[in-house]
Each structure stands twice: as C-alpha cells, then as structure tokens.
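These notes are about the structure you will find just below.
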Amino acid sequence: MNTIQALIKKQKAFFRTDKTKDIAFRLDALQKLRTAIKTNEKQLIEALKVDLNKSEFEAYTTEVGIILEEIRFTTRHLRSWVKPKRVKTPITHFGSTSYIYPEPYGVSLIISPWNYPFQLAIAPLIGAIAAGNCAVIKPSELTPKTSEVLGRLIQDIFPEEYIVVFQGGVETSQALLNEKFDYIFFTGSVPVGKIIMEAASKHLTPVTLELGGKSPCIVHEDANIKLAAKRIAWGKYINAGQTCVAPDYLYIHQSIKHDFLTALKVAIHELYGEHPLNNEDYTHIVSEKHYNRLCSFLDNGEIFTGGKTMENGFVIEPTVLTNITWEDPVMQDEIFGPILPVLEYSELTEAIEGIHKHPNPLALYIFSESRAIQEEVLNRISFGGGCINDTVYHLGSPHLPFGGVGSSGIGAYHGKGSFDTFSHGKSVLKQTTLFDIPFRYPNVKNGVNKIKLFLK
Ligand code: NAD
C-alpha cells in the first residue's frame with residue numbers, strides 16, 4: 001500500500017467514526033480554518049507575490065478576504081442548512097411524511113489550479129467541511145510557494161485523517177485519481193477536466209468540474225461607454241487576465257467602437273499607469289510556457305493599445321487587439337492572459353450567432369441600458385453565469401451558485417451551493433404504523449380500479 005492509499009484508508013476510517021457529521025465539529029473546523037488564515041495572512045500574501053507578483057490589494061480581495069467572507073457566511077447559515085428539509089407528500093402516500101436529509105459523501109478529492117491558488121483550493125474545502133466530509137487537496141504545482149504555505153496551514157490545524165494536502169504535479173494527481181474517492185471537485189482546464197471525468201467514471205464517483213473557455217463580453221450601442229470601459233478593463237486585467245471568468249473577447253457594436261476603445265485605453269492607463277510593465281502591482285504571467293503562448297498572439301490583427309512584453313518576470317502589458325476574426329489563433333482557445341481581441345457587429349443577432357458557433361461560455365457579460373436587449377441575450381445564449389453591465393462581479397456573491405454549463409463545467413458552488421455540492425440529498429419517507437392503506441397489495445379486491453382513482 002503506498003502513502004496515498006494508506007491516507008485514504010485512514011480518512012475513510014475516520015469518516016466512519018461519524019465525528020465529521022457533528023455540527024459542532026464542522027463549525028469548529030471552519031473556525032480553525034478562519035483563524036489560521038488570519039494568522040497566516042502575511043505569509044499568504046508574500047507567497048502570492050513570489051508566485052504571481054500579485055499585489056497586496058489583489059491578493060487580499062481575490063484570495064484571502066473573499067475566503068474569510070465565505071467562511072463567515074457558511075458559519076452563519078450552517079445550522080439551518082444541515083437540518084432535514086420537510087417536503088410535501090402526495091395523497092397516495094396518506095399517513096406518511098417526507099424529508100430530504102443532507103448527508104456527506106465521505107472522502108472528497110479537491111484538485112485546484114494555479115491562477116487563484118489559495119482561493120480555488122480553500123473555497124471548495126469550505127463546502128466539504130460544511131457538509132461533513134473528509135478531504136484530500138492537490139494544489140497546483142505551478143505556484144509552489146502558495147501551495148507550500150497552504151499545505152503547512154492545513155497541517156497545523158487538521159489531522160491528516162480529516163484533511164490533508166498532497167503536493168505534486170500531474171503524477172500526484174493521477175496517482176490520486178487511481179483511488180476511489182466519494183466525491184471529486186476539480187477546477188482547471190477543459191482537456192484535464194475530461195481526464196478527471198474519465199478517471200472518476202471508473203469508480204462511478206460523482207464530480208464537480210469547474211472549467212474554462214472563452215467568455216464573451218458584448219458592448220451594445222446604448223451602453224454607458226465610460227463605465228463599461230472601466231468595468232471591462234478591471235475584469236479583464238485583474239490577475240493579468242488569468243481569471244477563468246475574465247472577458248475573453250469583446251463583441252462591440254460598430255457604431256460605438258471608436259468611442260469605446262478610446263475610453264478603454266483611458267481606463268487601462270488609470271488602473272495600471274502609462275507603463276504597466278514597470279508597475280510593481282501588476283500581476284505576472286505564471287510560467288514561461290504561458291508567456292510564450294500569449295506572446296504568439298500579439299501579431300494577430302492590430303495592436304490598439306499595449307503589446308509590450310518583458311521576458312524577465314514574464315510580464316505582458318494590458319493589450320487590446322483590433323481587426324480580429326474568428327479565424328485568428330487568438331480566437332481558437334481560452335486566452336487566459338492580458339490580451340483582449342475585439343470583434344464587431346452591426347446587428348445583435350450576428351454576435352449571438354457568433355457565440356452560438358462555439359462551446360457554452362463559463363461567463364458572459366452584456367453592457368446595454370435596454371432591458372429588451374439584456375433579456376434577449378439572456379434568453380438566447382446558454383452560459384454558466386455572468387453580469388449585466390459588469391464583469392466578474394457575480395463570482396463574489398454567496399447567493400449566486402458559480403459554475404459552467406456544457407464544456408465550461410458541471411455543477412456549481414459558493415455559499416449554500418458549496419454545501420449542496422458536497423452533500424447527497426437522501427430522500428426519506430416516514431410511514432405511519434397506525435393504519436395501513438390496503439390498495440397497494442396484490443390481494444385487494446378490485447385493486448386496479450381502486451388504484452386508477454389515484455394513479456391517472
Ligand atoms: P490544469 O487543468 O492544467 O490544471 C489543474 C490541476 O489539474 C492542477 O492541480 C494540475 O496539477 C492537475 N493536472 C494537470 N494535468 C493533469 C492530468 N493530465 N491529469 C490529472 N491532473 C492534472 O489548469 P491550470 O492551467 O492550472 O488552470 C487554468 C485553467 O483552469 C483555465 O482553463 C481556467 O479557465 C480554468 N479555471 C477554471 C475556474 C473555474 O472556477 N471554472 C477557475 C480557475 C481556473
């Protein structure tokens with residue numbers, strides 16, 4: 001038995017003790033996690049600086065603060081979420097009552113990516129703890145410093161039979177996937193998502209897949225141009241575009257293209273200065289491979305603004321590309337970097353049909369003052385989630401479950417969504433013993449006719 005197998009065996013045995021099902025145990029675990037994050041806040045922010053050059057502001061808002069808030073929200077509501085929910089009972093079941101009991105799956109596996117290496121490992125863990133599961137976390141190998149702090153933080157507060165972190169790359173991930181877990185929660189790319197689902201299918205393990213794809217941002221002719229430009233610049237260039245729900249590309253109504261792009265340039269300079277390459281608070285690209293991949297797009301179409309790069313540290317300016325078509329290499333896959341290609345349309349239908357030719361997006365953004373236009377887009381395009389007149393912001397609400405649809409993912413989480421994701425809803429009928437309705441038994445006289453009064 002190797003280390004991984006031994007640990008999973010230990011976790012399964014610990015789960016069987018039923019300790020994790022105790023509400024006080026779960027609340028205590030969440031409290032411990034919250035305290036440890038606060039204690040390690042400085043180390044986490046430093047690690048994120050080393051791994052990705054994240055500024056303190058970005059590190060706190062998108063990694064630490066958002067998680068503290070998620071724990072607070074979960075802690076506040078957990079007592080009501082764990083209660084069995086009474087549901088209606090049909091007349092055919094007269095005498096009985098019906099309930100849904102949320103129960104933990106058991107031992108869950110959480111595999112996370114590098115772009116928000118702390119947030120995307122811990123946010124699912126909050127759901128796993130809240131629902132009463134044990135957990136194995138495999139953080140990203142591409143952000144080693146943050147993964148190290150995360151591993152130490154977890155090790156300091158939880159015994160390994162409850163929650164454990166396995167460091168490593170693809171091989172570790174694959175070794176974990178060979179084992180039978182009770183739930184797998186994966187965040188990462190579409191191709192790896194397919195590998196995860198295939199591995200899970202061997203054990204019939206249920207999965208949540210939080211994947212990616214190209215998320216469109218439509219700017220209609222009646223949009224509030226200045227505000228749209230600022231909110232798009234923010235959502236696109238935060239974390240240097242390495243955000244799963246960043247606007248991947250723009251679809252702009254041609255009548256406002258000039259005014260909008262001018263406003264976008266101003267917004268970029270306001271947020272990152274005239275020389276973003278020298279801005280100490282601007283996030284870097286995670287690796288040389290991703291840096292080279294992104295640089296290869298810079299000769300697509302024309303550079304409207306940005307375009308400068310710095311190999312030392314892997315930095316790419318916030319860039320906008322115009323004269324782009326769907327045939328350009330930059331439009332083939334998720335960009336995942338600070339490069340924003342611009343497509344144009346004259347009728348909204350063109351934009352909608354363009355989007356329809358591609359897989360369902362994880363996110364979609366529409367900037368328009370018209371309710372009819374907003375509703376048309378919502379009605380005609382299937383996407384994971386999104387915003388009207390904003391970008392990325394939906395992700396921060398615990399009341400909006402976050403996830404994809406089609407190839408952008410399966411399942412959703414955040415807030416109660418996380419608790420539901422890591423819980424199986426056990427349906428239970430509680431039958432009376434005071435009387436017994438005779439119709440269902442085969443020896444009842446005129447049985448079919450009587451049953452037909454109810455089942456019709
Ligand atoms: P990735 O799929 O390459 O890696 C994610 C995790 O899977 C890592 O821990 C990695 O070690 C592991 N992994 C990689 N190859 C594997 C394999 N062959 N077998 C088993 N495990 C393997 O993703 P990434 O590059 O770390 O992250 C970027 C991608 O993640 C983007 O596509 C982005 O859109 C997506 N993403 C989605 C969300 C979301 O919430 N939907 C959030 C962040 C990122």
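One-based numbering, in listed order, for ligands and for the atoms of each. Remember, it's a predicted structure, so these values are computed and weren't measured experimentally.
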Looking only at protein heavy atoms, identify the closest one to [atom] and say how far it is in Å.
atom                    : value
atom 9 (O) of ligand 1  : S112 O, 2.8 Å
atom 32 (O) of ligand 1 : E334 OE1, 2.7 Å
atom 24 (P) of ligand 1 : W114 NE1, 3.3 Å
atom 21 (N) of ligand 1 : S173 OG, 2.7 Å
atom 28 (C) of ligand 1 : F336 CE2, 3.6 Å
atom 39 (C) of ligand 1 : C244 SG, 3.4 Å
atom 35 (C) of ligand 1 : G188 O, 3.1 Å
atom 23 (O) of ligand 1 : S189 N, 3.5 Å

Does L211 approach ligand 1 within less than 4.0 angstrom via side chain, backbone, both or neither, non-hydrogen atoms only?
backbone
Atoms of ligand 1 less than 4.0 Å from L120 heavy atoms?
42 (C), 43 (C)
Hey, which atoms in ligand 1 end up nearer than 4.0 Å to a heavy atom of E141?
10 (C), 11 (O)
Within the structure, is a non-hydrogen atom of F402 found at a distance of less than 4.0 Å from ligand 1?
yes
